[in-house]
Undergrad: 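There's a structure below that I have some questions on.
Side chains included, hydrogens not; waters and symmetry mates left out as well; all remaining heavy atoms used. Sequence lines set the chain letters: A, B, ... in the order given, protein chains first and strands last, and positions in each chain run from 1.
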Amino acid sequence: MEMEKVYNSKNVEEKWYKYWIENKTFSSKPDESRKPFTIVIPPPNVTGSLHMGHALNNTLQDIIIRFKKLQGFNVCWVPGTDHGGIATQNVVEKLLKKEGKTKYDLGRDKFLETMWKWRVETGDTILDQLKKLGCGLDWDRTAFTMDETRSKAVKKAFIELFDKGLIYRGKRLVNWCSRCGTALSDIEVEYEDEKSNLWHIKYPFRDSDGYIIVATTRPETMLGDTAVAVSPDDERYADVIGKTINLPLVDREIKVVSDYIVDKAFGTGAVKVTPAHDATDNEIAKRNNLETIEIIDISGKMINVPEKYSGLSVVEARKAVVADLEAQGLLIKTEDYSHSVGRCYRCATTIEPLMSEQWFLNVSGMSKKAVDAANEEKTKFYPQSWKKPYVLWLENLRDWCISRQIWWGHRIPVYYCVDENGQRKPDCKPVADFETPKECPDCKGTKFFQDEDVLDTWFSSALWPISVFNWGEDENNEDLKYFYPTSVLVTGHEILYLWVARMVQFGIEFMKDIPYSHVFIHGIVRDKSGKKMSKSLGNVIDPLGIMDKFGTDALRFALAQAAAPGRDMQVSDESFLAARNFANKIWNASRFIIMNLEGIDKLDDNIKPAELADDWILAELQKTYNKVCSAYETYDMDSAARELYDFFWTKFCDWYIELSKIRMTSADLKVKKQVLEILVYVLKSFLQLASPVMPFITAEIWQTLNKQSEEWGVKSEDKGIIAESSLPFIAGKDKVLTRQSGVIQGMNTNGAEPALKQLQTIEKMKSIQDIITKIRTIRSEMNISPAAQINAVFNVSDNGNESVSFAKDNQDYIKRLAKLETVSFEKDAKRPKNSALAVAGGLEIFLPLEGLIDIEKEKARLAKEIALAGQEIERTKSKLSNENFVKRAPEAEVEKIKERLKEAETKIEKINDSLKFLG
RNA sequence: GGGCAGUUAGCUCAGCUGGAAGAGCAAUUCCCUUACAAGGAAUAGGCCGCAGGUUCAAAUCCUGCACUGCCCACCA
């Protein structure tokens, strides 16, 4: 088995992602004998090209899917894309603009044709990129929010809600984006602080000389004022309530009203009320029966105002109004003021609140049920800190404005009965239907026209977990029954409300069940300095470039490692480089093992641990196995990645493989085979555990190992495909898979409890490691070349001493890793001249270094050791002299401290003794 | 205004059901010891944001404060 010296990710990746697709490794069919594990992808917009956010989101999902598959679940991960409403329309409009055209030049039908053409040409780019990322998606299920099946679901949902009376049409104050030319829902508005002014304006009373001063950030809207409001308990204004004001510039009479919402401490305590263009004012108007005058139209121009201002933009009108007020001496003062301004989340245009006829969805019933589901932990959040804001949001939810005045999207399936002239018949109720109705239920008329608006893109997204399983076609189909509710939703917190909350509401509404039991919320990928990546900042890291440069597994590992629950993460080339190095380490350790299989007969699956290192690595493997599995299960991908890294590099490579070389070079092939069996066993276990994060490299090595087995005539159940293999799990009750305790086979427990035995083994190994490290430190500090073979003399004062016999048993380890020529055990050994001393594990070790040692250096080194031990003595003594500590701390703790004190004391004693022999 | 997170080595972060401060990267020294220089060995580097409290014992629990970031709000 030849393996390249350096891991070449390109060839390996190409091979495997094609394999998984061609062999439909991740295809899923309902199977009642197995438990499903389902994820629906957060469908990326068709406009999209893979960015770091997608890379993270999908890596995390793939880790879960691959892990669950190893556990034996029938996994189903559904891919797809979202038509992306406004965002997508904007992209195509921009393309048109380059040709000097607008959508109106084309007209609705032609424009939609262009949209579809564009969607067909570019819409699958991102799905192809997900394939490269290695995602174990079931490609046969690929869905699009505007394909036929999904469209049926949208219509079906709309009609159901319409017929229940939950969808209604009305003229309300909505958030209007004049650039996109559409209404937006409340959450589609993003607020940003902006420096502006607070203008104080004098409003004179009609019947007296007095006036009232209002403070406003929007002077231009005064043209539409229909009242001034003050707080009911503001004494300053108590006697002006009810008075009439002559509205400047317009010369209209308005009243002073009182309303609880007015904060008397803010500004002047008096608020101008513009019901048609401010949400709060609108409510004040409702409570006080005020008139509503619309003065800004949907293009952002002034209307219904004195001719002078008519047709001006909002910005122009503001200037003009301020200038005119000033000229009339009505502008009292202009303060600097910073306040937040709403912007369109798609194009950043300032949002204009205005009155408009729109479709709304009454969500009060659904949101209550969604809140209950969260409170009853039916939907569980990871990390759970998201539950509170989620519930809070749902509790304060207002009706959802679902109509959009754009063309790209699901056209609202409502039909109006019209007369011969195409005029709507006022007495006929609109009808919601899948297609144009044959006959009007009210007048038996047969002419209709369909509502012009389309639905908010999030309406179809909210149906995603049910629409992908063909709910729109058949709500009792097998897939839906088997795969719904899904297992976990993985997404970033930026769409928690926009999407997650709505899916839950729709799931409960249409399926009578939550769409998923877990919601795994991850952070945002930021750049090296913690900034959000954005095109305008130019700090975007392209995941495809990273895949190319460092390998996909490196990208995935680095992302997983950074994905600590509940926080944003910073990535940089260094993190990808470290991950690539890890991949290379895995590759080379495997190469070493595989190379050594040359000329060996068939390995026995039943490993036979023979010595300390064997027991130790198996104990460490068991620990890692437990930790990694539970980390995957709780979506702590960062700890999973860390455990894998630490185990493989620090435990397996640095210690076990190095120690295995003693037996590997043995002339006795039986000995070599025995250790190879364990090496292969541990490697394979590791590969399985790591495969969810690093699917490519693990697949390749697994297959290489399998080829070797085939050469020995061994056929494996998984055909050499790691994704088809299973972790050592057993099926428990109700087909729920539980982890088997003590699954790592073969450890010598000698009758002890496995867990305890593991601990003891690790402790023992630690003392050997300690001896080796101490000797290595001396070598390094004395500048002894690694090539120089030196000797070590263990001073044996008491032959029955446990640590002595233990060191004796494992002297080969010490010899090998500390690079010693000989190791000897001498009773009452005298420190040789010009030697160095190591004290480890209660043992005294002399390293005769005639000609190599620098006496002064050694003295200084020992002095440092004494100082360190002295500190330890101080610390432990002060603890022990504390009566309360001895009395109240657990006995084991006190014993431990006593042990440490004793150890430090003998250490100093030994060092002092030997110092006498120095120089 | 309300809420949520974070503050630990130069950088990125672990550790937080309380019992001797950890990793990776960067730095320093030595080494191409045949799995790996994308590597190995060793070293240095931290009053664990500040102030109190609980406890025999606090990075870890509690309270307050500061700063940073995010989210929500009817910021005239």
Side-chain angles (χ1 to χ4, degrees), chain A residues 3 5-7 191 193 198-199 214-218 221 228-229 259 261-263 266-274 278-284 337-341 383 385-386 388-389 392-393 396 493-494 496-497 523-524 526 528-530 550 554 561-562 564 566-572 574-575 577-596 638-639 642 645-646 649-650 653-654 657-658 661 773 776-781 783-787 817-819 871-872 875-876 879 882-890 892-894 896-897 900:
Chain A
M3 281 172 81
K5 195 171 166 182
V6 169
Y7 172 56
Y191 291 88
D193 269 359
L198 194 58
W199 286 276
V214 295
T216 181
T217 52
R218 298 205 55 189
T221 62
V228 166
D259 194 279
I261 213 156
V262 179
D263 175 5
F266 190 94
T268 61
V271 191
K272 57 187 274 314
V273 181
T274 320
D278 183 277
T280 313
D281 292 3
N282 196 267
E283 282 170 27
I284 296 176
Y337 186 66
S338 168
H339 67 134
S340 72
V341 173
S385 56
W386 281 106
K388 199 172 162 183
L392 219 67
W393 184 80
N396 296 304
H493 51 70
E494 68 275 13
L496 179 63
Y497 309 130
I524 293 170
R526 295 173 178 277
K528 208 176 161 179
S529 53
F550 299 103
Q561 200 179 21
R567 22 187 325 169
D568 290 348
M569 60 211 80
Q570 284 164 241
V571 294
S572 62
E574 286 93 81
S575 47
L577 189 74
R580 181 206 59 178
N581 292 353
F582 182 45
N584 192 238
K585 190 73 178 177
I586 295 171
W587 183 259
N588 271 292
S590 307
R591 184 163 77 102
F592 170 73
I593 294 167
I594 288 163
M595 266 167 35
N596 275 288
D638 64 320
S639 14
R642 240 193 337 273
Y645 188 99
D646 180 59
W649 204 313
T650 322
C653 291
D654 289 351
I657 290 188
E658 288 310 319
K661 288 174 181 172
T773 304
R776 294 212 279 219
T777 303
I778 290 172
R779 295 188 67 126
S780 179
E781 294 198 344
N783 286 330
I784 292 157
S785 142
L817 294 195
K819 296 199 182 297
Q871 281 170 22
E872 175 77 350
R875 262 202 305 269
T876 47
K879 276 202 169 187
N882 181 343
E883 236 176 83
N884 281 323
F885 172 72
V886 182
K887 211 162 34 180
R888 299 193 195 183
E893 185 58 30
V894 179
K896 213 170 93 188
I897 300 293
R900 273 165 49 190

Undergrad: Write down the partner of B/rU60 under the Watson-Crick or G-U wobble criteria, each distance required to be under 3.5 Å.
TA: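 Looking at the geometry, B/rU60 pairs with no nucleotide.
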Undergrad: Please give the nucleotide sitting opposite B/rC32 as a Watson-Crick or G-U wobble pair, both distances under 3.5 Å, or none.
TA: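 Across all strands, not a single nucleotide pairs with B/rC32.
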Undergrad: To the side chain of A/F266, which of B/rA76, B/rU33, B/rG40 is closest?
TA: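 Taking heavy atoms from C-beta onward, the closest nucleotide is B/rA76.
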Undergrad: Provide the distance between the two P atoms, one in B/rA38 and one in B/rA5, to the nearest whole Å.
TA: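 Result for the P pair: 43 Å, nearest Å.
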Undergrad: Assuming nearest nucleotide by heavy-atom distance, tell me which of A/I593 and A/V6 is located more 5' along RNA chain B.
TA: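 Checking each residue's closest nucleotide, the 5'-ward one belongs to A/I593.
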Undergrad: Can you check the distance between B/rU8 and B/rA44, where both ends of the measurement are the P atom (answer in whole Å)?
TA: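 So the two P atoms sit 23 Å from each other.
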Undergrad: Check every strand shown and say whether A/T773 touches a base, only sugar-phosphate, or nothing at a heavy-atom separation below 4.0 Å.
TA: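 It contacts sugar-phosphate atoms only.
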Undergrad: Looking at B/rG69, B/rG24, B/rA35, which one has an atom nearest to any side-chain atom of A/R591?
TA: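 Among B/rG69, B/rG24, B/rA35, the one nearest the side chain of A/R591 is B/rA35.
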Undergrad: If pairing requires Watson-Crick or G-U wobble contacts with both distances under 3.5 Å, which nucleotide is the partner of B/rU54?
TA: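 By the stated definition (distances under 3.5 Å), nothing pairs with B/rU54.
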Undergrad: Tell me what A/A787 touches on the nucleic acid: a base, only sugar-phosphate, or nothing, going by heavy atoms under 4.0 Å.
TA: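 The answer is nothing, as A/A787 stays clear of every strand by at least 4.0 Å.
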Undergrad: Any chance you could measure A/R567, atom CZ, to A/I524, atom CD1, to the nearest 0.5 Å?
TA: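 With rounding to 0.5 Å, CZ (A/R567) is 13.5 Å from CD1 (A/I524).
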Undergrad: Do A/D654 and A/T650 have side-chain atoms, one donor and one acceptor, less than 3.5 Å apart?
TA: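 No pair is found: no donor N or O on one side chain lies under 3.5 Å from an acceptor on the other.
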Undergrad: Quickly work out the A/D654 CG to B/rA23 P distance and round it to whole Å.
TA: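 That distance rounds to 13 Å.
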Undergrad: Taking only the side-chain heavy atoms of A/A578 (C-beta and beyond), determine which of B/rA5, B/rG24, B/rA38 contains the nearest atom.
TA: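 My answer, after comparing the listed nucleotides, is B/rG24.
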Undergrad: Could you identify the nucleotide paired to B/rC4, looking across every strand shown and requiring Watson-Crick or G-U wobble geometry with both distances under 3.5 Å?
TA: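 Check on B/rC4: paired to B/rG69, both distances under 3.5 Å.
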Undergrad: Spell out yes or no: do the side chain of A/K661 and the base of B/rA35 have one donor N/O and one acceptor N/O closer than 3.5 Å?
TA: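 Side chain to base: pair present.
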Undergrad: OP1 or OP2 of B/rC13 sitting under 4.0 Å from any side-chain N/O of A/Q561?
TA: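 No, no such contact exists.
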Undergrad: Compare the minimum distances between each of B/rG19, B/rC4, B/rU43 and the side chain of A/K896, then state the nucleotide with the smallest one.
TA: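 Per side-chain heavy atoms of A/K896, the pick is B/rG19.
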Undergrad: Applying a 3.5 Å limit to both distances, which nucleotide forms a Watson-Crick or G-U wobble pair with B/rA14?
TA: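 WC or wobble partner does not exist here.
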Undergrad: Which of these nucleotides, B/rA41, B/rA42, B/rG19, is closest to any side-chain atom of A/E893?
TA: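 Closest nucleotide among those given: B/rG19.
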Undergrad: With heavy atoms under 4.0 Å as the rule, sort A/L198 into base, sugar-phosphate or nothing.
TA: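 Here A/L198 touches the backbone only, sparing every base.
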Undergrad: Give a yes/no on whether any side-chain N or O of A/W649 is located under 4.0 angstrom from OP1 or OP2 of B/rG40.
TA: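 Checking B/rG40 against A/W649, a side-chain N or O does come within under 4.0 Å of OP1 or OP2.
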Undergrad: Using the C1' atom as the reference point in each nucleotide, state the distance between B/rU28 and B/rU33 in Å, no decimals.
TA: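 Those two atoms are separated by 22 Å.
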Undergrad: Could you tell me the Watson-Crick or G-U partner of B/rA9, where both distances fall under 3.5 Å? Say none if there is no partner.
TA: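 Across any shown strand, B/rA9 pairs with none.
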Undergrad: Looking at B/rA14, I'd like to know if its phosphate oxygens (OP1 or OP2) sit under 4.0 Å from a side-chain N or O belonging to A/R567.
TA: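 Yes, A/R567 has a side-chain N/O under 4.0 Å of OP1/OP2 on B/rA14.
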Undergrad: Could you measure between the two C1' atoms, the one in B/rC32 and the one in B/rA27, and give it in whole Å?
TA: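 Comparing C1' positions in B/rC32 and B/rA27 gives a spacing of 22 Å.
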Undergrad: Any base atoms under 4.0 Å from A/V262, or only sugar-phosphate, or nothing? Heavy atoms, all strands.
TA: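 Contact class for A/V262: base.
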Undergrad: How long is the line joining NZ of A/K887 and C1' of B/rA57, in whole Å?
TA: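 So the two atoms are 15 Å apart, to the nearest Å.
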Undergrad: Round to the nearest Å and state the distance from A/I657 atom CD1 to B/rG39 atom C1'.
TA: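 Answer to the nearest Å: 13 Å.
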Undergrad: Could you check A/N884 against A/S785 and say which one's nearest nucleotide on RNA chain B is further toward the 5' end?
TA: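 Counting from the 5' end, the first nearest nucleotide belongs to A/S785.
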Undergrad: Please state how far atom CG in A/N588 lies from atom P in B/rG40, giving the value in whole angstrom units.
TA: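 Rounded to whole Å, this separation is 10 Å.
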Undergrad: Respond yes when some side-chain nitrogen or oxygen of A/N581 is under 4.0 Å from OP1 or OP2 of B/rG39, and no when none is.
TA: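 So the side chain of A/N581 is within the cut-off, an N or O lying under 4.0 Å from OP1 or OP2 of B/rG39.
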Undergrad: Which listed nucleotide (B/rA76, B/rA20, B/rA35) is nearest to the side chain of A/T217?
TA: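 Of the candidates, B/rA76 comes closest.
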Undergrad: Name the pairing partner of B/rA44, where a pair is Watson-Crick or G-U wobble with both distances under 3.5 Å, or state none.
TA: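 For B/rA44, the partner nucleotide comes out as none, under the 3.5 Å rule.
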Undergrad: Measure from CD on A/E781 to C1' on B/rA44 and round the result to the nearest Å.
TA: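 My rounded result for the distance is 11 Å.
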Undergrad: Contact class for A/R900 (heavy atom, under 4.0 Å): base, sugar-phosphate, or nothing?
TA: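 Base contact.
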Undergrad: Is the phosphate of B/rC4 approached by A/K388 (side-chain N or O, under 4.0 Å from OP1 or OP2)?
TA: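 Yes.
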Undergrad: Determine the contact category for A/K879: base if any of its heavy atoms lies under 4.0 Å from a base atom, sugar-phosphate if only primed atoms, P, OP1 or OP2 are that close, otherwise nothing.
TA: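 The answer is nothing, as A/K879 stays clear of every strand by at least 4.0 Å.
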Undergrad: What integer distance in Å separates A/E574:CD from B/rA38:P?
TA: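 Nearest whole value for this atom pair: 16 Å.
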Undergrad: Sort out the partner of B/rA21 for me: Watson-Crick or G-U wobble, both distances under 3.5 Å, none otherwise.
TA: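 Paired with B/rA21, as far as the under-3.5 Å criterion goes, is no nucleotide at all.
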Undergrad: What nucleotide, of B/rC70, B/rA20, B/rC36, holds the atom closest to the side chain of A/R526?
TA: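 Output: B/rC70.
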Undergrad: For the side chain of A/Y497, starting at C-beta, report the closest nucleotide among B/rC71, B/rA35, B/rC36.
TA: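 My answer, after comparing the listed nucleotides, is B/rC71.
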Undergrad: Take atom C1' in B/rA76 and the same atom in B/rG1, then report the distance between them in whole Å.
TA: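 The answer is 15 Å between these two C1' atoms.
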Undergrad: Between A/K585 and B/rG40, is there a side-chain N or O to OP1/OP2 distance below 4.0 Å?
TA: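 Yes, A/K585 has a side-chain N/O under 4.0 Å of OP1/OP2 on B/rG40.
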Undergrad: Without swapping roles, check the side chain of A/D281 against the backbone of A/T274 for a donor-acceptor pair under 3.5 Å.
TA: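 Pair found, side chain donor or acceptor close to backbone of A/T274.
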Undergrad: How far does the C1' atom of B/rG18 sit from the matching atom of B/rG3, given to the nearest Å?
TA: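 Pairwise C1' distance, B/rG18 against B/rG3, rounds to 29 Å.
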Undergrad: Quick one: A/F592 CZ to B/rG39 P, roughly how many Å, whole number?
TA: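 Answer to the nearest Å: 18 Å.
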Undergrad: Any base atoms under 4.0 Å from A/F582, or only sugar-phosphate, or nothing? Heavy atoms, all strands.
TA: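 If one applies the 4.0 Å heavy-atom cut-off, A/F582 turns out to touch nothing in the nucleic acid.
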Undergrad: For the side chain of A/A564, starting at C-beta, report the closest nucleotide among B/rA38, B/rA14, B/rG24.
TA: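 Nearest nucleotide to the side chain: B/rA14.
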Undergrad: Between atom CD in A/E658 and atom P in B/rC36, what is the gap in whole Å?
TA: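 Value for this atom pair: 11 Å.
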Undergrad: Of the candidate nucleotides B/rA42, B/rA20, B/rA35, which contains the atom at the shortest distance from the side chain of A/C653?
TA: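 Side chain of A/C653 sits closest to B/rA35.
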